[in-house]
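What follows is one structure encoded as structure tokens, with my remarks underneath.
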Amino acid sequence: MPVLDSLKAALTDHLSTLVTRMTLGSSGGDASSRDGGAGTPQITATPQVTKIDDRTVAISAIFDSQLTSSQSIKELAIHGDTVLDTPAYRATFLPITKDSTNEIRVDVLMEVR
């Protein structure tokens, strides 16, 4: 039997309360569904979390020119209050230089299925 829509809506509400920080890191190891967390955190921002509908949460953060990293940015983790929290989401990508001459905006949509 599939999960009822009312339970998915409650899970979406709960997910939106768990996400309080977004971190860019420099390890870049492969991301997977069994990931343990951010490898080498570099800079962290407080995202805006918006419930789109009963199954979808939008998470957005801007890493402005004041937030810099001496190492290339290769990963993103969305988590609770500390980087040590198990992330709700982690992704890796090609290296980006994050210094005082640029900003990075990250938008993530998360869906409860």
Side-chain angles (χ1 to χ4, degrees):
M1 180 173 125
V3 175
L4 299 175
D5 288 342
S6 59
L7 181 56
K8 289 179 184 178
L11 289 170
T12 303
D13 287 338
H14 184 61
L15 176 62
S16 66
T17 67
L18 296 176
V19 173
T20 58
R21 308 292 281 165
M22 185 181 289
T23 298
L24 298 177
S26 62
S27 77
D30 289 340
S32 73
S33 61
R34 297 175 188 253
D35 219 313
T40 310
Q42 296 296 315
I43 51 179
T44 300
T46 301
Q48 179 181 4
V49 180
T50 307
K51 183 178 173 186
I52 302 294
D53 58 30
D54 285 347
R55 293 186 184 186
T56 312
V57 175
I59 304 159
S60 300
I62 295 176
F63 296 84
D64 63 23
S65 59
Q66 295 177 355
L67 297 171
T68 64
S69 174
S70 60
Q71 298 180 15
S72 294
I73 299 300
K74 301 176 194 169
E75 69 179 349
L76 161 72
I78 298 173
H79 52 86
D81 290 332
T82 72
V83 180
L84 298 177
D85 290 346
T86 301
Y89 176 84
R90 181 173 175 267
T92 57
F93 43 84
L94 294 174
I96 301 170
T97 299
K98 178 61 184 95
D99 55 28
S100 61
T101 64
N102 62 356
E103 291 186 350
I104 296 174
R105 178 184 169 131
V106 179
D107 296 302
V108 175
L109 291 175
M110 295 181 74
E111 181 181 27
V112 173
R113 290 184 166 205

Is it possible for you to say whether [X] and [Y] belong to one hydrophobic cluster, with membership spreading through side-chain heavy-atom contacts below 4.5 Å?
| X | Y | answer |
| --- | --- | --- |
| Val108 | Phe63 | yes |
| Tyr89 | Ile52 | no |
| Ile62 | Ile96 | no |
| Leu67 | Phe93 | yes |
| Leu109 | Leu15 | no |

| task | Flag yes if more than 12 heavy atoms outside Gln48 fall under 6.0 Å of its CD atom; otherwise flag no. | result |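 Incorrect, the count does not exceed 12.
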| said: Applying side-chain contact (heavy atoms from CB on, under 4.5 Å) to Lys74 and Thr92, what does each step give before you reach the verdict? | reply: CA-CA 6 Å; Lys74 301 176 194 169; Thr92 57; 5.8 Å; no
| task | Find out whether Leu76 and Val106 are in side-chain contact, i.e. whether some heavy atom of one side chain is under 4.5 Å from a heavy atom of the other. | result | yes
| Going by an N to O cut-off under 4.0 Å, is there a salt bridge joining Glu111 and Arg113? |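 Arg113 and Glu111: salt-bridged.
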| field | Pair Asp107-Ser60, side chain to side chain donor-acceptor pair (under 3.5 Å): steps then yes or no | value | CA-CA 4 Å; Asp107 296 302; Ser60 300; 2.5 Å; yes
Mind listing the closest non-hydrogen atom pair of [X] and [Y] along with its distance?
| X | Y | value |
| --- | --- | --- |
| Asp53 | Thr12 | O-CG2, 3.9 Å |
| Gln71 | Ser26 | OE1-OG, 2.7 Å |
| Lys98 | Asp64 | NZ-O, 2.8 Å |

| field | Those residues that, when tested against Lys8, pass salt bridge (Lys or Arg N to Asp or Glu O under 4.0 Å) (two or more places apart) | value | none
| Restricting to pairs with a member in residues 12-22, which pass salt bridge (charged side-chain N to carboxylate O under 4.0 Å, His left out), not counting sequence neighbours? | Asp13-Lys51
| said: Between Asp54 (side chain only) and Asp5 (backbone N and O only), is there a donor and an acceptor less than 3.5 Å apart? | reply: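 Not confirmed, Asp54 side chain does not pair with Asp5 backbone.
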| task | Would you check if the side chain of Thr20 reaches a backbone N or O of Gly80 as a donor-acceptor pair within less than 3.5 Å? | result |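 Answer holds: yes.
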State the [atom1]-[atom2] distance between [X] and [Y], to the nearest 0.5 angstrom.
| X | Y | atom1 | atom2 | answer |
| --- | --- | --- | --- | --- |
| Glu75 | Thr23 | CD | OG1 | 9.0 Å |
| Leu24 | Ser72 | CG | OG | 12.0 Å |
| Asp99 | Ser65 | CG | OG | 9.5 Å |

| By side chain to side chain donor-acceptor pair (under 3.5 Å), which residues pair with Ser69, not counting sequence neighbours? | Gln42
